[in-house]
Peer 1: 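Submitted below is the structure of interest, expressed as structure tokens.
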Amino acid sequence: MPVVTISQLSKHVGQEVTLQGWLYHRRDSGKLIFLVIRDGSGLCQCVVAKGPETDAFFEECKRLGQESSLRVTGAVRADPKQVGGHELTVSGVEIIHKSENYPITNKPHGIDFLMKNRHLHFRSRRQWAILKVRATLVDEIRGYFNRNGYTLIDTPIFAPAAGEGSQTLFSVDYFGEPVYLAQTGQLYVEAGCMAFGKVYCFGPTFRAEKSKTRRHLTEFWMVEPEIAYADLNDVIGVAEDFICSIVQRVIRDNRAELEFLGRDIARLETVQKPFHRITHKQAAEILRGPKARELLDRDLTTKKARLDEVTKLIGEKETQEKGQGLKEWQRDKLVAELADLREEKDDLDTDVRNIPQHIELAANFDPDGDLGGSDETIISRLHDRPVFVTHYPKDCKAFYMKQNKDDSSRVNNVDMLAPDGYGEIIGGSQREDNLDVLLHRLHEEGLNEADYEWYLDLRRYGSVPHGGFGLGVERTLAWLCGLKHIRETIPFPRMMGKFYP
RNA sequence: UCCCCGAUAGCUCAAUGGUAGAGCGGCCGGCUGUUAACCGGUAGGUUGUAGGUUCGAGUCCUACUCGGGGAGCCA
């Protein structure tokens with residue numbers, strides 16, 4: 001009997017095939033058993049009817065625990081009502097392993113429990129869908145640069161103390177000497193572009209910042225292209241083209257997953273060239289101006305109204321839930337609705353508490369300061385496409401960024417803000433190619449020149465204008481999938497104080 | 001580092017300071033088309049830890065531990 005994957009079932013309608021997978025869900029009804037099988041490519045309901053043909057395994061199937069592994073043979077039937085659109089009428093079952101007491105059930109679980117069971121958690125549909133999109137995203141990242149003449153340069157993960165300066169890094173004992181886990185491959189990739197013209201590095205990167213938010217991981221993946229003979233405009237052009245390419249590829253290859261995740265695909269389809277381009281000065285004007293104020297005032301009013309509404313709904317549903325004579329499914333529905341409402345209420349509570357501060361921060365925004373998280377959200381929400389913000393004050397940026405020739409207080413850098421408040425997913429710049437200016441900036445930042453000798457060589461031997469950017473894979477994926485929390489975007493998230501499993 | 005919230009059965013949650021409960025999951029039984037199936041039965045607890053207040057603490061107070069969210073910092 002041919003072994004096929006569930007994703008290929010449409011080619012085998014009417015035929016007898018074998019599936020090999022795991023039991024995702026089981027229901028039985030006396031003389032019928034419904035086995036929903038998962039094989040990594042999809043889900044398929046397999047029906048075992050009591051009869052002479054199924055006698056050998058019927059009773060065993062009835063007791064089979066969730067996530068038991070098995071091979072199922074049967075005739076394929078198209079059935080649009082079923083998950084995946086097909087159903088198998090079972091003629092044979094081979095049980096490989098009986099699983100008992102699988103911890104993750106079809107009822108709601110808390111996030112702490114799910115994260116402790118992450119090694120099992122990503123067997124479930126939603127997590128599976130997210131990680132399928134991740135695989136496409138990663139493939140397109142590599143594909144985009146490979147197609148466009150970039151050479152992959154792998155940069156070291158053990159890095160000497162000299163990084164970008166201020167950030168907190170993880171320290172490792174390296175034969176008795178302290179080294180650090182790399183927080184960027186950027187300086188190395190600059191060396192690469194002088195050898196290969198256009199290069200990129202792609203790998204994990206590490207930050208020891210004590211950030212406990214839905215946007216932070218301590219270990220995350222970043223791709224960093226670097227281009228010789230490029231100015232800021234060239235860098236922005238590549239970033240724009242690259243983002244469009246990623247979005248189109250994911251829409252094309254993962255429409256079903258995005259739909260399952262409830263992502264508004266039409267919203268993603270609006271990601272087209274050209275993106276908005278504003279300078280940091282223009283951003284400051286927007287933040288301090290009436291439009292930002294109006295947006296936040298409107299936000300506060302609607303959120304307050306919704307908070308009252310949600311609070312009232314919770315009260316009503318709690319009363320209903322305590323009432324008598326409810327069917328179980330009615331109670332389940334209420335419990336699920338209550339959980340959602342309580343979560344929404346928590347979010348609204350924090351928003352209502354934070355918005356007045358955001359109003360303050362925006363109104364008093366320092367034109368010579370960095371954009372805060374709330375400022376980025378305001379800017380991105382006032383635009384219908386991704387926004388490039390350029391020319392930040394040099395004091396809040398890294399030493400290697402190219403000083404602007406018209407305004408020496410600014411640098412030729414760019415941050416790209418994703419739509420819908422997903423924040424900064426790209427940060428890049430043209431690099432300082434003048435040795436004297438670079439040395440001056442290095443000293444200004446209080447960095448040790450000796451640590452950077454090799455890097456300074458790049459400006460001594462054939463220095464050219466060049467630049468590049470870094471894109472955070474997990475934040476990008478959270479945006480593409482419309483997720484609230486970055487921890488779902490990576491198979492085994494590493495967060496402050498968490499490294500199991 | 002700072003601020004807010006939380007911890008009760010394997011899981012999700014209840015319990016005006018007064019006898020710790022329900023649903024799911026497990027186990028046993030019933031049902032030929034179920035979709036988080038349904039119906040009946042059954043086992044399952046040192047209420048995060050340590051103190052304190054009280055006749056009496058899951059509930060109030062203090063500290064700690066762990067978790068969630070946010071600020072700062074960042075992709």
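Just so it is clear: chains get the letters A, B, ... in the order the sequence lines come, proteins before strands, and each one is counted from 1.
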Peer 1: Applying ring-ring contact (aromatic ring centres under 6.0 Å, His included), name anything that partners A:W221, two or more places apart in sequence or on another chain.
Peer 2: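 A:W221 satisfies ring-ring contact (aromatic ring centres under 6.0 Å, His included) with A:F202 only.
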Peer 1: Do you know which of A:E190, A:R431, A:Q430 makes side-chain hydrogen bond (donor to acceptor under 3.5 Å, both in side chains) with A:H466?
Peer 2: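 Of the listed residues A:E190, A:R431, A:Q430, the side-chain hydrogen bond (donor to acceptor under 3.5 Å, both in side chains) partner of A:H466 is A:E190.
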Peer 1: Determine the interatomic distance between P on B:rU35 and the same-named atom on B:rG25; round to the nearest Å.
Peer 2: 13 Å
Peer 1: Across nucleotides 29-35 of chain B, 5' to 3', mark each nucleotide with B, S or - according to how protein heavy atoms within less than 4.0 Å reach it.
Peer 2: S-BBBBB
Peer 1: Look at A:D299 together with A:R306 and state whether they make a salt bridge at an N to O cut-off of under 4.0 Å.
Peer 2: no
Peer 1: Taking only the P atom of each, what is the distance from B:rU54 to B:rU49 in whole angstrom?
Peer 2: 23 Å
Peer 1: Specify the separation, in whole Å, of atom CG of A:D112 and atom P of B:rC11.
Peer 2: 10 Å
Peer 1: Which nucleotide sits closest to the side chain of A:T105: B:rG69, B:rA71, B:rC24?
Peer 2: B:rC24
Peer 1: Could you check which of B:rG25, B:rG68, B:rC73 has an atom nearest any side-chain atom of A:K212?
Peer 2: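 The nucleotide sitting nearest to the side chain is B:rG68.
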Peer 1: Which nucleotide in the set B:rG70, B:rA75, B:rG67 lies at the smallest distance from any side-chain heavy atom of A:R475?
Peer 2: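 Per side-chain heavy atoms of A:R475, the pick is B:rA75.
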Peer 1: Whole Å only: how far is the OH atom of A:Y24 from the P atom of B:rG25?
Peer 2: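 A:Y24 atom OH is separated from B:rG25 atom P by 15 Å.
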Peer 1: Check the distance between B:rU12's P and A:H109's NE2 and give it to me in whole angstrom.
Peer 2: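 Taking NE2 of A:H109 and P of B:rU12, I get 7 Å after rounding.
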Peer 1: I need the residues from residues 416-427 of chain A with at least one non-hydrogen atom less than 4.0 Å from RNA chain B; give them sorted by number, or say none.
Peer 2: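 RNA chain B contact set from residues 416-427 of chain A: A:E424, A:I425, A:I426.
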Peer 1: Looking only at atom types and distance, does a side-chain atom of A:T205 sit under 3.5 Å from a main-chain N or O of A:F220, one as donor and one as acceptor?
Peer 2: no
Peer 1: Between B:rC74, B:rG70, B:rG69, which nucleotide has the shortest distance from any of its atoms to the side chain of A:E209?
Peer 2: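 Of all the options, the side chain of A:E209 is nearest to B:rC74.
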Peer 1: Taking everything shown except A:K484 itself, do over 12 heavy atoms lie less than 6.0 Å from its NZ?
Peer 2: yes
Peer 1: Between B:rA7 and B:rC13, how far apart are the two P atoms, rounded to whole Å?
Peer 2: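 B:rA7 and B:rC13 have their P atoms separated by 10 Å.
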Peer 1: Taking the P atom of each, how far is B:rC5 from B:rA20, in whole Å?
Peer 2: 29 Å
